[in-house]
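Read the structure below first, then the notes.
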Amino acid sequence: MNLAQHVINISSAVTQLFFPPICISCGTHLFKHEIEICQMCIRRLPRTYYERCPSDNQVSILMWGRCKIEYAYSLFFYKKGETVQRLLHEIKYRSNKPLGTELGRQVAKTIAESQREEIDVVVPIPLHPKKERKRGFNQAHVIAQGISEVLCKPLIDSAVYRNTHTASQTRKGRYERWQNVENIFNVRAPEQLEGKHVLLVDDVITTGSTMEACINQLRTIEGVKVSVASIAYAVL
Ligand SMILES: [Zn+2]
């Protein structure tokens, strides 16, 4: 270890001593094994328990007749003004990457418990490069890192990409949203995913249009099966 690393380690130990990490939701001090949010707050969040019926839940039903998926996993219900929205906001707009990765780990634990057919690779839904440059990172990527870590499956982010800039989805209806995203994804390196069961990851699923567009592209690759995972499902 060189001198600079020693100084960094000492200063982070001092910071921990005077400013011990606190839960971003309730403000209590965190235990050593807790990251960004305490277990108590996680337990209070509105769970979907979709992992108990991964092929027959509101998210998988949302995709019926639009694109074929194997399983759908969403950990929490998302409602405006509630804690889950605040957590996702914290990840996306305040660059809290450790929180994203930690919530990804929580998603993966429920997937592991569901004991369904194993997935092979974890793929974060791509963000437009312009947006990623502006934000500095892709929130789906940090969530996928946590999932990949717990499931011990590789994260692949170079096989599919986003090819046009789309306007914000927030003020659009379902059909307009679909028109807006229909052709935004392309496959660049199909050989990375051939014959694989892909777990496609996003932060929140709302209408499912973005997922649908990406899944339809992924399914052009030979032998690909797709399941989806997100931290939250927004009931419209
Ligand atoms: Zn808390």
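Each ligand, and each atom within it, is numbered from 1 in the order the structure gives. Please read these numbers as outputs of a predicted model, since none were measured by experiment. What you see below is based on every heavy atom in this structure, not just the backbone, and it leaves out hydrogens, waters and symmetry mates.
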Show your working on side chain to side chain contact (heavy atoms under 4.5 Å, CB included) between Arg43 and Gln39 and close with a plain yes or no.
CA-CA 6 Å; Arg43 256 182 260 136; Gln39 281 302 313; 3.7 Å; yes
Around the Zn ion (ligand 1), how many protein N, O or S atoms are there at under 2.8 Å?
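Atoms of protein N, O or S type lying less than 2.8 Å from the Zn ion (ligand 1) total 4.
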Salt bridge (Lys or Arg N to Asp or Glu O under 4.0 Å) against Asp120, all qualifying residues, sequence neighbours excluded:
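Per chain and number, Asp120 pairs via salt bridge (Lys or Arg N to Asp or Glu O under 4.0 Å) with no residue.
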Which class fits the ring pair Tyr71 and Tyr73: parallel under 30°, tilted 30 to 60°, perpendicular over 60°?
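Tyr71 and Tyr73: tilted rings.
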Donor-acceptor pairs under 3.5 Å, side chain of residues 95-108 to any protein atom, not counting sequence neighbours: which ones?
from: Asn96; atom 1: OD1; to: Leu99; atom 2: N; distance (Å): 3.0
from: Asn96; atom 1: ND2; to: Glu36; atom 2: OE1; distance (Å): 2.9
from: Asn96; atom 1: ND2; to: Glu90; atom 2: OE2; distance (Å): 3.1
from: Thr101; atom 1: OG1; to: Lys97; atom 2: O; distance (Å): 3.2
from: Thr101; atom 1: OG1; to: Val142; atom 2: O; distance (Å): 3.0
from: Glu102; atom 1: OE1; to: Arg105; atom 2: NH1; distance (Å): 2.6
from: Glu102; atom 1: OE2; to: Gln106; atom 2: NE2; distance (Å): 3.0
from: Arg105; atom 1: NE; to: Glu149; atom 2: OE2; distance (Å): 2.7
from: Arg105; atom 1: NH2; to: Glu149; atom 2: OE1; distance (Å): 3.4

Minimum heavy-atom distance Cys214-Ile125, with the two atoms named:
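Nearest pair, atom of Cys214 first, then Ile125: CB-CD1, 3.8 Å.
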Which ILVMFWY residues are connected to Ile61, directly or by a chain of links, through side-chain heavy atoms under 4.5 Å apart?
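Trp64, which link up through side-chain heavy atoms under 4.5 Å apart, make up the rest of the cluster.
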